Amino acid sequence: IASQRHEGWICLPNRYDDGGFSGGNADRPALKALLDDVEAGEIDCIVVYKVDRLSRSLLDFSRIMGTLEKQDCSFVSVTQQFNTSHSMGRLTLNILLSFAQFEREIIAERTRDKVHSARRKGKWTGGPQILGYDVDRKGGKLVVNEVEAQQVRRIFEIYLEKKSIAETVRTINRIGLRTKSYETRKGVWREGRSYTKSSVYSLLTNVHYCGKIPLKDEVFEGEHEAIVDEETWDAVQKLFKRNAVEGMRNESKN
């Protein structure tokens, strides 16, 4: 900005820094504040160190550029020697942004492949908290929480006894069983809730309980300890299938 004083450039006092936020999306507080000031006519030119500091999404950037053009606001990248006040600068911008998005997609693919590879080896790669297990903060592994594990086994037993999801829900809520209580990484405490048909079904079909790790439609042997024995697990899944078939028959009769 100082080097362009002969063009009449003046550095405004406000800074728009989104520290800790990814350039992969436009849902960032400082970026929103910047665009609000652009629409208010307070900014004539936006100066960045590098184009992907503003956005690495071609779609988001196109929308941002549309806003800038409507307000006659230019865009300058210091290290890439262009600005959008010239046609060549706009062409260069689109080319650079296309490569930035390509790089982002490649990184996403590599990350996804790494997660899939870890799951195939039976490793826990994150996700919702599972009743019956705690996550080892040091190694990122699932460790059995014996108190909760007893609750999980009790729910499996109740379902085999009642042979109905609805009856199982009523029974476990009557005896006071709750979903998992846990503390998030941000230190927020999540209290367990009463069970619903959906939460009971998710629990009874969660392959983690028989020592497995899911990956889309595949299941792999996990490195964590099973909570439910194979016999009980198989009996529950067979009961699910039988109830599903009987339900379809009843619907066809009606």
Side-chain angles (χ1 to χ4, degrees), residues 1-119 124-129 135 137 140 182-190 198 215-216:
I1 293 175
S3 70
Q4 299 298 316
R5 283 177 182 166
H6 62 281
E7 294 283 347
W9 287 22
I10 299 173
C11 184
L12 299 179
N14 293 338
R15 293 179 63 87
Y16 304 90
D17 297 327
D18 276 315
F21 287 84
S22 169
N25 66 73
D27 188 19
R28 292 138 52 197
L31 177 59
K32 291 179 179 179
L34 171 65
L35 296 178
D36 287 343
D37 287 349
V38 168
E39 292 181 348
E42 298 178 6
I43 297 174
D44 299 312
C45 180
I46 296 174
V47 181
V48 297
Y49 172 75
K50 198 175 181 182
V51 62
D52 61 5
R53 296 303 87 199
L54 186 66
S55 176
R56 292 197 301 274
S57 166
L58 186 57
L59 180 59
D60 288 340
F61 199 89
S62 297
R63 291 171 178 166
I64 292 172
M65 289 307 299
T67 300
L68 300 187
E69 289 176 4
K70 287 180 183 178
Q71 301 299 325
D72 195 25
C73 179
S74 299
F75 177 82
V76 175
S77 174
V78 174
T79 61
Q80 291 157 321
Q81 299 300 311
F82 70 87
N83 72 66
T84 59
S85 62
H86 306 103
S87 58
M88 183 57 71
R90 288 191 291 272
L91 173 62
T92 307
L93 174 63
N94 287 331
I95 294 172
L96 288 173
L97 193 57
S98 295
F99 276 104
Q101 179 166 331
F102 172 72
E103 181 183 17
R104 178 180 170 223
E105 291 172 354
I106 289 294
I107 293 172
E109 289 176 2
R110 288 174 179 169
T111 302
R112 185 170 58 250
D113 290 345
K114 184 177 180 181
V115 170
H116 287 182
S117 177
R119 290 204 170 193
W124 166 255
T125 58
Q129 295 279 344
V135 179
R137 298 290 184 181
Y182 62 95
E183 184 178 352
T184 67
R185 290 186 176 182
K186 295 182 179 180
V188 179
W189 181 253
R190 303 290 187 188
S198 176
L215 176 60
K216 295 185 177 181

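Computed from a predicted model, the values in this text were never measured in an experiment.
Residues forming a side chain to side chain contact (heavy atoms under 4.5 Å, CB included) with Glu109 (at least two apart in sequence, or on another chain): Ile106, Arg112. For Thr67, there are no side-chain hydrogen bond (donor to acceptor under 3.5 Å, both in side chains) partners at least two apart in sequence or on another chain. In this structure, the salt bridge (charged side-chain N to carboxylate O under 4.0 Å, His left out) partners of Arg15, at least two apart in sequence or on a different chain, are Asp17. Under the side chain to side chain contact (heavy atoms under 4.5 Å, CB included) criterion, Ala30 pairs with Tyr16, Asp18, sequence neighbours left out. Qualifying salt bridge (charged side-chain N to carboxylate O under 4.0 Å, His left out) partners for Lys114, counting only residues two or more places apart in sequence or in other chains: none.
Between Asp72 atom CG and Asp44 atom CG the span is 8.0 Å, to the nearest 0.5 Å. Here Ile43 contributes atom CD1 and Leu68 contributes atom CG; the two are 9.0 Å apart, rounded to the nearest 0.5 Å. One distance of note links CD1 of Ile46 with OG of Ser74; it measures 9.5 Å at 0.5 Å rounding. Going from atom CD1 of Ile64 over to atom SG of Cys73 covers 11.5 Å, rounded to the nearest 0.5 Å.
Heavy atoms only, all atoms of each residue included: Trp9 and Val47 are closest at CZ3-CG2, 4.0 Å.
Within the structure, salt bridge (Lys or Arg N to Asp or Glu O under 4.0 Å) pairs that include any residue of residues 31-43 comprise Asp27-Lys32 (at least two apart or interchain).
In this structure, the side chain of Thr111 engages the main chain of Ile107 through a donor-acceptor pair within 3.5 Å.
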